[in-house]
2 protein chains.
Amino acid sequence: MSMKKTLRAATAGDLPGGARGARKQLTRERLLDAALTLMSAGNSFPGLSLREVTREAGVVPTAFYRHFRDMDELGLALVEECGLTLRRLLREVRKAGVPTTDIIRHSVAIYWQYVRAHPRHFRTAASERHGGSPTMRQAIRTEVEHFVREMAQDLRMLGYRADLPSSALEMICTLVVNTMLNAASDILDLPPDQPQLAREMEASFVAQIRLIFLGAAQWRADGGGAV
Amino acid sequence: MSMKKTLRAATAGDLPGGARGARKQLTRERLLDAALTLMSAGNSFPGLSLREVTREAGVVPTAFYRHFRDMDELGLALVEECGLTLRRLLREVRKAGVPTTDIIRHSVAIYWQYVRAHPRHFRTAASERHGGSPTMRQAIRTEVEHFVREMAQDLRMLGYRADLPSSALEMICTLVVNTMLNAASDILDLPPDQPQLAREMEASFVAQIRLIFLGAAQWRADGGGAV
DNA sequence: TGTTTCAGTGAACAAGTGTTGACAAACGAT
DNA sequence: ATCGTTTGTCAACACTTGTTCACTGAAACA
């Protein structure tokens with residue numbers, strides 16, 4: 001009966017314990033990986049074709065449907081993966097502490113290195129954040145909002161600007177995150193053998209973040225201020 | 001001979017005086033317009049097909065080659081058009097004056113209205129700035145750099161932070177422009193009948209710009225500061 | 001051990017793609 | 001008025017695309 005069928009499928013197929021589920025998840029990851037590689041090679045997601053992805057992954061086109069209904073579903077999985085990478089980044093920077101000048105420079109250095117370590121995830125995130133299909137755009141937007149909220153909570157726990165409401169902290173973090181993602185795109189477009197340009201860009205990035213926190217230190221909730 | 005040919009082509013074809021050049025430029029604009037429309041309808045540029053564009057423009061596919069060598073060339077023309085729109089925006093905001101709190105609010109209001117008046121240009125610019133083909137990305141980057149430099153010059157002429165070097169002013173303007181373009185993308189993704197959300201978003205945008213200028217007012221070239 | 005379930009294969013399809021070449025008609029220059 | 005130039009059209013090509021169906025073989029279960 002159909003009940004029996006679904007039950008078996010649940011026990012054998014979904015759980016990664018068996019060799020069967022492991023093999024499935026492996027080719028699933030190969031598909032995601034192929035898409036990621038193709039995207040960071042110049043193509044943008046809506047420009048990818050299903051066959052192209054399967055070709056790069058080394059499977060026959062029809063095998064695609066065993067893992068995703070269509071390309072949009074793969075896109076969402078991709079976004080989720082990028083979000084995970086972002087989350088790990090936050091966990092790594094979290095040790096840095098309150099953003100004073102030196103700590104900003106330090107955090108930026110971590111970020112820099114992190115972006116270079118996960119170029120495809122960051123290129124994808126930056127690429128599909130505003131471009132691409134509205135579906136993917138919305139998914140990334142949600143992911144970024146989560147990230148911003150988490151970052152704001154971190155600042156709060158560190159006692160940073162305890163007088164400000166959460167909305168203000170989130171506004172500040174939004175600015176920071178936008179600057180981060182813009183910078184990531186810039187980093188990844190650098191010719192790989194231009195350390196001079198890279199240093200300049202990093203310095204400019206540090207300056208921007210510094211300026212933001214300079215403004216944040218002066219921020220008044222009521223809209224007053226020196227400007 | 002070929003000399004004669006090129007001469008005639010130069011006098012008759014390129015100059016928009018005759019009815020011939022006018023007709024050509026008209027369908028050229030129809031092609032650009034079609035691409036712009038399709039892009040703001042959910043497609044991203046690399047997802048557009050040549051035939052799709054010509055269909056939307058109301059011409060036969062082969063007519064495309066009379067105007068552009070391939071889609072990339074059309075993309076570059078599109079970027080140029082977007083850059084022109086940005087330039088006009090700057091000319092309009094230029095009357096606003098030195099960025100104090102009220103003037104920021106005013107400028108943002110102008111910007112808001114401007115984005116809503118040219119949704120397709122801004123969606124395209126935001127969309128292809130980080131996504132899309134590297135060719136188009138580079139073109140937009142150049143266009144944005146021009147814009148930033150112009151804006152920095154404006155600030156300088158207004159006597160804003162006359163003590164800072166141009167590089168610092170440009171860094172500040174880069175931050176502003178990035179924030180602007182991010183906001184544009186957010187605006188255009190709003191459901192059209194949510195004035196409450198729109199107001200909140202505009203307020204957040206004003207706050208971000210305000211915070212940037214708050215930081216800019218405190219900025220010291222040597223890297224010192226309150227933070 | 002025998003049966004079922006299912007990830008991956010292979011062939012085939014209708015539809016859409018970029019690009020080519022020859023051709024018609026309108027225009028500009030002579 | 002004539003002739004070359006040029007914009008746009010038509011027909012056709014060699015491919016690629018997404019999706020379908022029946023299939024194979026091996027793992028998971030009984």
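Numbers restart at 1 for each chain; the letters A, B, ... are given by sequence-line order, proteins then strands. Small disclaimer: the values here were computed from a predicted structure and weren't measured.
- Side-chain nitrogen and oxygen atoms of A:R55 include at least one within less than 4.0 Å of the OP1 or OP2 phosphate oxygen of D:dT17.
- With sequence neighbours left out, the ring-ring contact (aromatic ring centres under 6.0 Å, His included) criterion links A:H118 to A:Y114.
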Solution key, residues 57-66 of chain B side-chain donor-acceptor pairs under 3.5 Å, sequence neighbours excluded:
none

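- Evaluation of the side-chain contact (heavy atoms from CB on, under 4.5 Å) rule for B:L197 yields B:L190, B:Q194, B:E200 as partners, not counting sequence neighbours.
- For B:R23 and B:P61, each mapped to the nucleotide of DNA chain C holding its nearest heavy atom, the one lying further toward the 5' end belongs to B:P61.
- Among the atoms of the strands shown, base atoms are found under 4.0 Å from some heavy atom of B:V60.
- Residues from residues 31-52 of chain B with heavy atoms under 4.0 angstrom of DNA chain C, sorted by number: B:S49, B:L50, B:R51.
- In the displayed structure, A:R105 atom CZ is contacted under 6.0 Å by at most 12 heavy atoms of other residues, nucleotides or ligands.
- In summary, of the residues considered (B:R91, B:E145, B:R94), a side-chain contact (heavy atoms from CB on, under 4.5 Å) with B:E150 occurs for B:R94 alone.
- Note that CG of A:L78 is 5.0 Å distant from CE of A:M136, once rounded to the nearest 0.5 Å.
- A side chain to side chain donor-acceptor pair (under 3.5 Å) with A:D189 is found for one member of B:R137, B:Q138, B:H130 and no other, namely B:R137.
- Between B:K24 atom NZ and D:dT5 atom P the separation is 15 Å, expressed in whole Å.
- At a threshold of 4.0 angstrom between heavy atoms, the contacts of B:R28 with the nucleic acid are absent.
- Of the side-chain N and O atoms in A:T27, one or more sit less than 4.0 angstrom from OP1 or OP2 of C:dG8.
- In this structure, the side-chain contact (heavy atoms from CB on, under 4.5 Å) partners of A:E29, at least two apart in sequence or on a different chain, are A:Q25.
- Counting to the nearest Å, the P atom of D:dA27 and the CG atom of A:L26 are 14 Å from each other.
- Between the C1' atom of D:dT6 and the CD atom of B:Q25 lies a distance of 16 Å, rounded to the nearest Å.
- Across all strands shown, B:Y65 has heavy atoms under 4.0 Å from base atoms, whether or not it also approaches the sugar-phosphate.
- In terms of phosphate contacts, A:T62 brings no side-chain nitrogen or oxygen within less than 4.0 Å of OP1 or OP2 of D:dT19.
- What separates CZ of B:R66 from P of C:dC27 is a distance of 16 Å, to the nearest Å.
- With rounding to the nearest 0.5 angstrom, the CG atom of B:L31 is 8.5 Å from the CG atom of B:L50.
- Looking at residues 69-81 of chain B, you'll see that no heavy atom sits under 4.0 Å from any atom of DNA chain D.
- The CZ atom of A:F64 sits 17 Å away from the C1' atom of C:dT9 (whole-angstrom rounding).
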